[in-house]
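Encoded as structure tokens, the structure appears first; notes follow it.
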Amino acid sequence: MEKVVIFDLDDTLYKEIDYLRSAYKEISDFIESEYDKREIYEFMISCYKAGRNTFAEVIREYNLPISVDYLISIYRSHKPNISLDCDTQFVLEQLSLQKNINLGILTDGRGITQNNKIIALGIDQYIRKDNWVISEEFGYSKPSSEGYLYFQKKYKNAAFYYIGDNLVKDFIAPIQLGWTCICLLDDGSHNIHKQDLSIINNISSLYTVKCLRELFEYL
Ligand SMILES: [Mg+2]
């Protein structure tokens, strides 16, 4: 039977904290070279860990003549230095080689940001571009069912799978649509959005895995 396996991006195919670190590095390099400052990156990471408004704090602390919006624009549009871990690369490679499996991405975010991530991670080797559904470009974001229906309309009579991490928004629509859902568990409070596992009690079509290699048990 034909199978359609759709992945979330952030905190599913890579850890979003790595994107944050990459963006902070880009911003700190800019500030250090432009305004002759030091140890900006360390300051920004300490703000993030303390739950403070990093961009407002760095502008205030170093008396910079730039706006928060400008730093946000660097954050969102920079070319990230991020990569797939070995397990994820192996899983995508193996799945992409199987003739009866079609792969896709359904992710929320800005077009420029999510496209830059996908390219930087090399996911374009495994998943064709017309199967990248990015909410800003597509016009709907999760938990809307529209993104999932895009794949259902494209592939008739297939078995559908969604792999994500966000229990609040990733699985509501695909569970209603009868997809098999697989939640990648946070490997130690690294995820940007925390997981509340009490939400998933008694949902028979939602499974959890500790790493993506476990996916093969369910596909
Ligand atoms: Mg996610």
Side-chain angles (χ1 to χ4, degrees), residues 4-24 48 51 72 75-76 78 80-89 91-92 95 103-124 126-127 129 131-151 160-177 179-200 203 205-215 218-219:
V4 177
V5 181
I6 309 300
F7 290 91
D8 170 52
L9 181 60
D10 299 306
D11 283 331
T12 296
L13 289 176
Y14 82 104
K15 288 296 178 191
E16 192 171 4
I17 189 72
D18 292 343
Y19 181 86
L20 179 141
R21 289 198 184 102
S22 167
Y24 279 15
Y48 173 75
I72 291 175
Y75 186 96
R76 288 177 177 159
H78 89 292
N81 180 17
I82 52 178
S83 55
L84 295 177
D85 67 32
C86 294
D87 271 4
T88 306
Q89 193 159 4
V91 168
L92 288 177
L95 294 178
L103 299 178
I105 290 181
L106 174 56
T107 174
D108 283 351
R110 286 176 169 69
I112 186 169
T113 309
Q114 302 308 78
N115 276 298
N116 282 346
K117 290 173 184 172
I118 293 169
I119 299 292
L121 292 166
I123 292 171
D124 53 323
Y126 309 112
I127 305 180
K129 193 168 179 10
N131 278 1
W132 307 353
V133 175
I134 299 170
S135 64
E136 184 188 54
E137 297 171 345
F138 184 66
Y140 296 91
S141 52
K142 296 178 277 188
S144 165
S145 60
E146 292 297 330
Y148 305 86
L149 290 170
Y150 168 83
F151 291 105
F160 293 88
Y161 301 83
Y162 192 70
I163 296 98
D165 70 288
N166 189 322
L167 291 161
V168 176
K169 66 175 186 176
D170 283 350
F171 305 111
I172 294 171
I175 286 170
Q176 285 172 352
L177 293 169
W179 293 31
T180 300
C181 294
I182 297 157
C183 177
L184 178 64
L185 295 173
D186 189 354
D187 62 353
S189 299
H190 295 122
N191 287 13
I192 297 282
H193 300 285
K194 302 303 167 206
Q195 291 175 334
D196 176 6
L197 294 174
S198 67
I199 295 173
I200 60 175
I203 301 175
S205 58
L206 176 56
Y207 305 96
T208 58
V209 293
K210 290 199 186 72
C211 73
L212 287 183
R213 276 184 188 247
E214 293 175 42
L215 279 184
Y218 299 97
L219 300 181

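FYI, side chains are in, hydrogens and waters are out, and symmetry mates aren't considered; it's all heavy atoms of this structure. We count ligands from 1, going down the list as the structure has it; atoms in each ligand are counted the same way. None of these values were measured; they are calculated from a predicted model.
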Task: Lys/Arg N to Asp/Glu carboxylate O, Asp108 vs Lys142, below 4.0 Å - done: no

- [ ] Below 2.8 Å of the Mg ion (ligand 1), tally up the protein N/O/S atoms for me.
- [x] 3

Task: Cation-pi geometry met for Lys117 and Tyr19 (6.0 Å, 45°) - done: yes

Open item on the list: Could you check whether Asn81 and Ser22, counting side-chain N and O atoms only, form a donor-acceptor pair closer than 3.5 Å?
Closed with: no

Open item on the list: If I compare all heavy atoms of Tyr218 with all of Ile182, which pair ends up nearest, and what's the gap?
Closed with: CB-CD1, 3.7 Å

Task: Sequence-distant partners of Tyr148, side chain to side chain donor-acceptor pair (under 3.5 Å), two or more places apart - done: none

- [ ] Report the distance from atom CD1 of Ile163 to atom OG1 of Thr180, rounding to the nearest 0.5 Å.
- [x] 9.5 Å

